[in-house]
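Some notes on the structure that comes next.
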2 protein chains.
Amino acid sequence: MVELSRKQREMERRTQEILRVAKPILVREGFHALSMDRVAAAMEYAKGTIYNHFPHKEEIVLALAIESMALRRKLFHAAAALDAPNRVRLMAIGCACEFYTQHCSEDFAIEQWIRNVNVWDKSSAARQDLIRRCEGECVSIVSSVVHSGVASGELVLNQALTAEEFVFGFWAITFGSQILTASSPSLAAVGILDPRRAIRIHCCTLLNGYRWQPIMETDEYLTRVDELSTSIQSEFDRVRVEHYTA
Amino acid sequence: MVELSRKQREMERRTQEILRVAKPILVREGFHALSMDRVAAAMEYAKGTIYNHFPHKEEIVLALAIESMALRRKLFHAAAALDAPNRVRLMAIGCACEFYTQHCSEDFAIEQWIRNVNVWDKSSAARQDLIRRCEGECVSIVSSVVHSGVASGELVLNQALTAEEFVFGFWAITFGSQILTASSPSLAAVGILDPRRAIRIHCCTLLNGYRWQPIMETDEYLTRVDELSTSIQSEFDRVRVEHYTA
DNA sequence: TGAAAATTTTGACATCGCGTCAATAATTGA
DNA sequence: TCAATTATTGACGCGATGTCAAAATTTTCA
């Protein structure tokens, strides 16, 4: 029915509005500051109405995380779609990770909330499923590049690792370095001043260690990543803007 | 004065008792469940008395994290003290990380709380300093092994990376994989069934990529890490038990 | 159209946790 | 012994959560 559909659209529109109100509170003032009362006040609705959309604030957080992860997936997709050698496409996905952390820092911060047990356990199976699927798709995008590399003979994966386990290494080092950079109290004090550069070098060395062709020297790699990062920036920007305006 | 000192000792004893009560609540039921009222009730003191020891629960969490990180440092120290080639000592530190995550899982979980901005920002500069120092010491232990490797000629670090930046790569990949393993919803679904093994392989490849001598093949490395892990287990256990009984 | 039925919104309410602080209890010093 | 000092207590104000009966609004259908 048209009427029902209109109501559903209105409902959906307000759900989105709740998320728009909640996001800056969560990002700028933290989970604690995000209260149903406050969201309701900001929207000029009663608290009960907000509870009609989300059973608790954890569900709001997961809904926000789903949007954030969708943006990540789009960036990964754009990077993998590059018309370039497979190793370069993998580098481009690395650039996507860097772009996401730096220029979509709110989304990066929101994404981390899904790792909080309290948030995760309290939220609905439906949203948990969406998260799982999106994360799986991100891994798939990367592993498809790895599969291409194997298919084209640029990379030989002996029986020791599957493509997904190969990806896991880069996932871990990228994710780990970004979390540590964002949250480690002693990083600068200990002499790690440019963690991004360090990790780029490690990724290059790891790829060389697996003999992914063409082998690149550190300096060459750093230069190429810089160029790649610059050249792909506008495409990433386009994806981001489109994501936010949609 | 003896009297004053006795009082101080009693105060200190009770501070410890608070931590002993708080730890299982935090670990098993989460930050939210850890309330001052509950700690007070469990200890049969009034809430105000607990507030004489800690100004808020975040400070309790940081105090617990300091203990947990001290245990990590001891394990790192034990691993680095091994009478073995430098590359093997580095492997042993990797084993220490694995041991810590698996067999000191409560401490591993507590450690992560320091990365929560709300917890971190709320806590005292004194405890923040202790955390920073301990983390710095952990990095130092690892980088001293790297320095040994460089000094003995087993590893050539060109001007691209400092020893600390070198360490950062292994820190990131180890930390990242352990967080992902503990909290990533899609890991198993995506086909990463033995993340620890995958990361061991990645670390081996990375070390080989940097040509840290002696170069090891994957299979040889996996076997040696298994042996090493088994042989060093009892030492780690000793360190852990001593830490808990102290 | 209009009135009954269904749906949505509202905000008061019970409950719980935080952090404070004046009152109370315990300890110390002389 | 008693005044002074120090430590403990728990009631209190505040703010957040999640619920639910009452009120308001929308839909249905004669």
Side-chain angles (χ1 to χ4, degrees), chain A residues 1-18 21-22 24-26 28-63 113 116-124 127, chain B residues 1-18 21-22 25-26 28-64 113 116-124 127:
Chain A
M1 250 204 264
V2 172
E3 294 306 298
L4 255 183
S5 158
R6 183 177 62 77
K7 279 194 115 179
Q8 284 174 338
R9 276 203 313 277
E10 263 179 29
M11 199 73 175
E12 177 55 29
R13 206 189 49 71
R14 202 164 47 189
T15 297
Q16 287 304 316
E17 203 186 334
I18 291 173
V21 166
I25 300 178
L26 177 62
R28 288 208 267 275
E29 301 174 59
F31 185 74
H32 181 72
L34 176 63
S35 77
M36 294 306 227
D37 278 300
R38 195 164 158 194
V39 171
M43 292 183 60
E44 296 186 299
Y45 277 111
K47 185 166 41 167
T49 303
I50 311 299
Y51 275 96
N52 278 351
H53 292 261
F54 296 98
H56 34 66
K57 62 179 182 168
E58 285 80 2
E59 196 76 17
I60 296 183
V61 172
L62 225 69
W113 281 106
N116 182 300
V117 195
N118 301 304
V119 172
W120 181 259
D121 286 352
K122 218 173 171 185
S123 49
S124 67
R127 285 213 165 81
Chain B
M1 250 204 264
V2 173
E3 293 307 297
L4 256 182
S5 156
R6 182 178 62 78
K7 279 194 116 179
Q8 284 174 336
R9 276 203 313 277
E10 265 179 25
M11 199 73 175
E12 177 55 28
R13 205 190 48 72
R14 201 164 48 189
T15 297
Q16 288 303 317
E17 202 185 336
I18 291 173
V21 166
I25 299 178
L26 177 61
R28 288 207 268 274
E29 301 174 59
F31 185 73
H32 182 73
L34 177 63
S35 77
M36 293 305 227
D37 279 298
R38 194 166 158 192
V39 171
M43 292 182 62
E44 294 187 302
Y45 277 110
K47 186 167 39 168
T49 304
I50 311 299
Y51 275 96
N52 278 350
H53 293 260
F54 296 98
H56 34 66
K57 62 178 183 168
E58 284 81 1
E59 197 76 17
I60 296 182
V61 172
L62 226 69
L64 284 171
W113 281 106
N116 182 301
V117 194
N118 301 305
V119 172
W120 181 259
D121 286 351
K122 219 173 171 184
S123 50
S124 67
R127 286 213 165 81

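Letters A, B, ... are given to chains in the order of the sequence lines, protein chains preceding strands, and every chain is numbered from 1. Predicted model, so just to flag it, every value in this text is computed and none were measured.
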Whole angstrom is fine here: how far is it from OH in A/Y51 over to C1' in D/dT17? 5 Å

For A/D37 and D/dC14, what is the distance between atoms CG and C1' respectively, to the nearest whole Å? 12 Å

Atom CD of B/E44 and atom P of D/dA7 are separated, to the nearest Å, by 22 Å

Between C/dT9 (P) and A/I50 (CD1): distance, integer Å: 10 Å

Check every strand shown and say whether A/K57 touches a base, only sugar-phosphate, or nothing at a heavy-atom separation below 4.0 Å. sugar-phosphate

Looking for any heavy atom pair under 4.0 Å, which part of the strands does B/T49 touch: base, sugar-phosphate only, or nothing? base

Nearest-neighbour nucleotide for the A/K47 side chain, D/dT8, C/dC18, D/dT17 considered: D/dT17

Along DNA chain D (nearest heavy atom to each residue), the more 5'-positioned of B/G48 and A/E58: B/G48

Nucleotide C/dT9, atom C1' - distance to CE of A/M43 in whole Å: 13 Å

Does B/R14 reach the side chain of B/T49, with side-chain heavy atoms less than 4.5 Å apart? yes

Could you tell me the separation between the NE2 atom of A/H32 and the P atom of C/dG19, rounded to a whole number of Å? 8 Å

From the set D/dA11, C/dA12, C/dT8, return the single nucleotide nearest to any side-chain atom of A/N52. C/dT8

Atom-pair distance (NE2 on B/H53; P on C/dG19), nearest Å: 16 Å

A/F31 CZ - D/dG15 P separation (whole Å): 19 Å

Please determine whether a side-chain nitrogen of the Lys or Arg among A/E29 and A/R38 lies less than 4.0 Å from a carboxylate oxygen of the Asp or Glu. yes

Please work out if A/L34 contacts a base, only the sugar-phosphate, or nothing of the nucleic acid, heavy-atom cut-off 4.0 Å. sugar-phosphate

If you take all heavy atoms of B/N52 and B/M11, which pair is closest and at what distance? O-CE, 4.1 Å

Check this one for me: any side-chain N or O of A/R14 less than 4.0 Å away from OP1 or OP2 of C/dT8? no

Within the 3.5 Å criterion, strictly below it, is a donor on B/E12 or B/Q16 matched to an acceptor on the partner's side chain? yes

Using a 4.5 Å cut-off on heavy atoms from C-beta on, say whether the side chain of A/I60 contacts that of A/M36. yes

Phosphate contact (C/dG19 OP1 or OP2) by B/K122 side-chain N/O below 4.0 Å: yes

